[in-house]
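Report on one structure; see the data block that follows.
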Amino acid sequence: MSDIHLKLDRVNSGYGDISILRDLSLSVTKGEVAAIVGANGAGKTTLLETIGGLIPVNSGSIRFEGEEIGRVKAHLLPGRGLALVPEGGRLFPFMTVRENLELGAYHKDATKNVVERIEWVCDMFPILRERAGQFAGSLSGGERQMCAVARALMSRPRLLMLDEPSVGLSPLMTEKLLSSVVELARQENLTVVIVEQRVTEVLQIADNAHILDHGQVKKSAPAAAMRSDRQIQEAYMGL
Amino acid sequence: MTALLNILAIGLLLGGIYALVSLGLNLIFGVIRIVNFAQGEFVMLGMYGALSASLAMGMDPYLSPVVVMPAMFILGCIVYRFILRPLQGEPMMQIFATFGLLMVIENGILGLTGGIGQNVSSFISSVSVRIGPIQIGLPRILVLVLASVATAALWWCLRYTLRGKAIRAVAQDRKAARLMGIDVEQIFMLSFGLGAAFAGLAGCLLAPLYTLSPQIGMNFIMPAFAVVVLGGLGSVPGAFVGGIIVGLTEALSGFYLDPALKHAVLFMVFIIVLVLRPAGLFGVSGAEEVGLREQS
C-alpha cells in the first residue's frame, strides 16, 4: 500500500471566478479507502468533481497512475479507470435499471462482456436483478444508491469516487452499502475515495481520512487515529 | 358517409406528412433542448435536394433520400458545430440563431431560384389506389407508410442500440452522461444531424406533392410545433400520433366548419392539451425538468 495511485498537487479550481479548492494537495495509495470529511461548503463535492473532470482545474496538477489527468475531459476519464458516483446517484430516471447498467459500460474498453459484468454487479446487489426491467426513477433511495454504485462498477474502474452515498439512506442501509464497497475494494484492490457527512460511519470503514476546510486539506491521518481524536469527535462526530 | 371517409383519409395522410416533418424537430428538442425554427427550411432544402437530384441525375424523388439524407446530415452537423455550439449555455441566443438561419436559407434559395415555383414529378405521381369508396394518391400513402417506418426505425434505434441509449441518456441528464463516458457534444451534433436528415427525408417525399417555393417551409413548421407539443416533447411515438391528430383535426375542421378556421381549431386543441396535460399526450410528467438538468 505504498505506491501513490492518485496525487493532487496544489490544485485550484472552482466555478468561474469563484475559487473553491485552494492549493489543495492530497495523496491516495493503491487499494486504499480514503474518506474526505468536512463541514458543508468545505469543497468536498468540488474536489470529487474536479478529479472527475466536471470542474476545470485552474492551476496545479492531478496525477492518476502517474499520468496527468487534470485537463482531461470528463467523458474520457472512465476510459482511464476513474468512476464517480455523484450525490444522489443521478441515475437516468426514464431508463430501466438494466439500461443504466449498460450505459455504465459505455466507454470502449468496457463494452466487452457486458452481460457477464451485469451478472457480477447483480451478484453484489441482488435486488438489482429483481428490478432490472424497472425504470430507475421508480427505485427506493437505497436501491437507487446501489444501482448508482453498480453502474459505476460497470466501467471496471481502478479508482471509485463516491459523493455522499448515505444521502437519503437509513443508518442500516448506509452501513450495508459502505461495507459492500469496502469488501469490493479489498477483493479487487480498488482505490476508493468517499465524501461523507456521516463521519462516524465512514471513519469505521476507511483506511485514511482527510479533513477539508475552506478548500484545503486541514489534516490527514489514519482513520483509526481520527476516530479517537477528541477534536475530531467534537467537531465532526457530534460527540 | 363517403365524404367522411374521404376526409378521414385526407386527415390521416396529412398527419403522415406532419409526423414526418415533426420527427426531426422532436429529436432536436428532446436531446439538445433547442427549438429549431429552421426545421421547415431544412424540409424545403430536402425538397430542392430532390429537385436537384432529379435534374442532375434523373433520379426519382422517392430514391433521392439516398443522397439528400446524408447531405442534410452533414449540413446539420456543420450548423450545430459552427453556429449553435458556440452559443451553448445561452439557449435564447440559440433560438434566435435558428431564426436567423431560417431567414438565411429562405433568402438564399430565393436568390438562387428567383422565387419561381417548381415541380418535381415521380413515376408514381399519377398513380392512385382505390380503397372501398375512396380514391387515394399513391404518393400520399407512401408518405404515411414511410413516416411510420421512419418513426419505428428511430424508436428502435433509440431503444435498443448503445448509441441510441446514449442519446436518451444525454436527454435525461447531461452531467451523468458525461460521467458514463458519453461525449455529450458529439451526441448533440449527431442528434442535430439526424434531425436535419429526417427533415431532408420529409422534403424528398413531399417534393412530388407540392409546388416548390422558398417559403414552403413555413407551411410545415407551425403545425410541426403543435405536433411536438401535443405528442409530448422528446417522445418519438408522440410525434407520430401527434402528427395524425393534427392532420385529422385540420381535415375535419376544414371540411365541417370552414377551411379558414382549420388552424384556429388546431391551436385551440393545442392549448387545451397544454392546459390539461402540459407534458403532452406521450410525454412523461417531470421529464422536462429532468431533461433540463445541466452541470449544476
Side-chain angles (χ1 to χ4, degrees), chain A residues 15-16 45-46 48-49 51-56 72-96 98-111 114 135-138 144 147-148 151-157 160-163, chain B residues 26-27 29-31 33 85 88-90 155-190 232-238 279-280 282-296:
Chain A
Y15 304 89
T45 295
T46 306
L48 290 197
E49 294 198 344
I51 300 169
L54 294 171
I55 298 175
V72 175
K73 288 182 178 174
H75 73 270
L76 297 172
L77 289 173
R80 299 278 192 104
L82 282 85
L84 167 60
V85 180
E87 189 177 342
R90 290 188 89 133
L91 297 174
F92 303 112
F94 303 113
M95 298 177 89
T96 64
R98 189 177 183 85
E99 286 174 328
N100 268 275
L101 295 178
E102 285 169 358
L103 282 167
Y106 184 82
H107 77 85
K108 66 175 169 47
D109 296 334
T111 49
V114 172
F135 273 166
S138 69
R144 214 171 287 181
C147 187
R151 185 178 68 174
L153 293 173
M154 286 295 297
S155 68
R156 301 165 195 272
L160 177 67
M161 296 179 282
L162 304 166
D163 191 2
Chain B
N26 207 359
L27 182 68
F29 185 81
V31 179
R33 305 278 150 180
R85 188 171 158 181
Q88 206 177 41
E90 299 185 63
W155 177 84
W156 188 88
C157 287
L158 291 176
R159 186 85 177 76
Y160 294 109
T161 66
L162 189 58
R163 192 52 66 99
K165 287 172 189 173
I167 290 175
R168 285 163 59 212
V170 170
Q172 290 179 34
D173 192 332
R174 296 171 187 182
K175 182 174 171 178
R178 281 193 175 92
L179 292 174
M180 299 302 101
I182 298 169
D183 185 345
V184 171
E185 288 304 329
Q186 193 189 67
I187 293 291
F188 282 170
M189 196 160 74
L190 174 71
L233 296 165
S235 163
V236 174
F282 283 73
V284 182
S285 188
E288 177 66 12
E289 288 75 17
V290 171
L292 283 171
R293 272 188 189 173
E294 278 287 355
Q295 289 228 63
S296 55

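Below, chain A is the first sequence line, B the second, and so on; all start at residue 1. This one's a predicted model, so the numbers in the text were calculated from it and none came from an experiment.
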Between Ala176(B), Ala169(B), Ala177(B), which has the largest tally of heavy atom pairs under 4.5 Å with chain A?
Ala169(B)

By the definition side chain to side chain contact (heavy atoms under 4.5 Å, CB included), identify the one residue from Arg85(B), Gln88(B), Arg33(B) that meets it with Phe188(B).
Gln88(B)

Can you tell if the side chain of Glu185(B) reaches within under 4.5 Å of the side chain of Lys73(A), non-hydrogen atoms only?
no

Under 3.5 Å, side chain of Arg178(B) to main-chain N/O of Gly53(A), donor-acceptor pair present?
no

Chain B contact via Leu103(A) - which portion, at a heavy-atom distance below 4.5 Å:
both

Give, as side chain, backbone, both or neither, the part of Leu84(A) having an atom under 4.5 angstrom from any heavy atom of chain B.
both

side-chain contact (heavy atoms from CB on, under 4.5 Å), that's the test. Do His107(A) and Arg80(A) meet it? Break it down for me.
CA-CA 10 Å; His107(A) 77 85; Arg80(A) 299 278 192 104; over 6 Å; no

